[in-house]
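The structure under discussion appears below in the form of structure tokens.
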Amino acid sequence: AQSVSQHNHHVILSEAASLELGCNYSYGGTVNLFWYVQYPGQHLQLLLKYFSGDPLVKGIKGFEAEFIKSKFSFNLRKPSVQWSDTAEYFCAVIPKAAGNKLTFGGGTRVLVKP
Amino acid sequence: NAGVTQTPKFQVLKTGQSMTLQCAQDMNHNSMYWYRQDPGMGLRLIYYSASEGTTDKGEVPNGYNVSRLNKREFSLRLESAAPSQTSVYFCASSEAPSGVQETQYFGPGTRLLVL
């Protein structure tokens, strides 16, 4: 089945550590890619998105993601996390060949220890 | 702008009861969506409305109905609630139908517990 996979369900790290969250999708063809974040008690907010062009995308709060088409991946990175980055992160994909529906990965819970 | 608003924030139902979740957006968006969020499964699309007057099934439509009341409002109805419908429900909207390089904007969610 076509899907979006986030390999890490939970990540715990200390402030100032680097963060990388993996996202892989199984759709062929053109895709639009997103990372959303859900802070505790809040609704989903868009971190960044990729539609076309430079595969290295910069988003809010120092996050960036790299689209590697050959690996069907869109990994999220942040060089130095803060306690306020504690949240759940969702990768999402719109595959144009699959009915243009936004499909989410299972999410990764990130806990940053002060 | 309030963005996307949802009511209620929390609800407890008994099995077999019915209820309607309300969603409204003030961004003049054409498309609206209902998702459910369950642990480890991300968000799954229940129903969506690409434009006023149209609705379509998503990935998990069974047990739900929707109404696109007007351009602003999109409601989700559970006719006979079941414990499997315990979840957090999110409404979202986008200016144009999903897939046309559109970002979806989400509401704060409704936590539903079915006993």
Side-chain angles (χ1 to χ4, degrees), chain A residues 1-11 21-27 29-53 57 59-60 67 87-109, chain B residues 1-7 9-10 21 23-25 27 29-51 54-61 87-111:
Chain A
Q2 296 172 325
S3 66
V4 181
S5 299
Q6 293 181 240
H7 309 296
N8 304 101
H9 297 295
H10 295 90
V11 172
L21 302 181
C23 173
N24 287 90
Y25 60 93
S26 62
Y27 304 99
T30 304
V31 292
N32 295 332
L33 300 153
F34 304 81
W35 275 98
Y36 281 89
V37 60
Q38 187 177 25
Y39 297 106
Q42 298 187 26
H43 58 91
L44 274 80
Q45 303 172 42
L46 182 68
L47 262 183
L48 48 80
K49 60 188 177 184
Y50 173 80
F51 291 155
S52 63
V57 181
I60 61 171
F67 171 49
E88 189 161 16
Y89 294 81
F90 294 93
C91 179
V93 176
I94 295 177
K96 291 191 175 179
N100 293 333
K101 307 290 194 306
L102 185 61
T103 301
F104 284 84
T108 300
R109 288 184 181 270
Chain B
N1 285 352
V4 180
T5 57
Q6 294 181 234
T7 55
K9 285 187 169 53
F10 303 96
L21 282 65
C23 173
Q25 52 89 11
M27 297 176 281
H29 284 172
N30 289 298
S31 299
M32 298 184 74
Y33 313 83
W34 276 105
Y35 294 88
R36 59 178 289 173
Q37 182 186 22
D38 301 294
M41 304 186 74
L43 279 76
R44 292 179 292 169
L45 183 65
I46 304 171
Y47 270 94
Y48 69 102
S49 170
S51 62
T54 68
T55 61
D56 285 287
K57 295 179 180 179
E59 182 184 355
V60 288
S87 188
V88 182
Y89 292 85
F90 286 97
C91 179
S93 70
S94 64
E95 185 170 357
S98 174
V100 190
Q101 298 195 350
E102 283 298 326
T103 299
Q104 293 184 21
Y105 296 87
F106 287 81
T110 295
R111 289 187 178 275

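Atom set for the values below is all heavy atoms of this structure, side chains included, hydrogens, waters and symmetry mates excluded. A, B, ... follow the sequence lines: proteins, then strands. Residue 1 opens every chain.
- Contact annotation for B/Leu45: only side-chain heavy atoms (C-beta onward) come within less than 4.5 Å of a heavy atom of chain A.
- With a threshold of 4.5 angstrom between heavy atoms, A/Gln45 does not approach chain B through any atom at all.
- The contact between A/Leu44 and chain B is made by backbone and side chain atoms together, counting heavy-atom distances below 4.5 Å.
- Using a 4.5 Å heavy-atom cutoff, the side chains of B/Tyr105 and B/His29 are in contact.
- If you take CG on B/Asn30 and OG on B/Ser51, they are separated by 7.0 Å, rounding to the nearest 0.5 Å.
- Only the side chain of B/Gln37 comes within less than 4.5 Å of a heavy atom in chain A; its backbone stays farther off.
- Taken from CD in B/Gln6 to CZ in B/Phe106, the straight-line distance is 10.0 Å, to the nearest 0.5 Å.
- In this structure, B/Tyr35 OH and B/Tyr89 OH are separated by 15.0 Å, a value rounded to the nearest 0.5 Å.
- Residue contact with chain B, scored on non-hydrogen atoms closer than 4.5 Å, involves the side chain of A/Glu88 exclusively.
- Paired with A/Phe34 under the rule ring-ring contact (aromatic ring centres under 6.0 Å, His included), one option of A/Phe51, A/Phe67, A/Tyr25, A/Phe90 passes, and it is A/Phe51.
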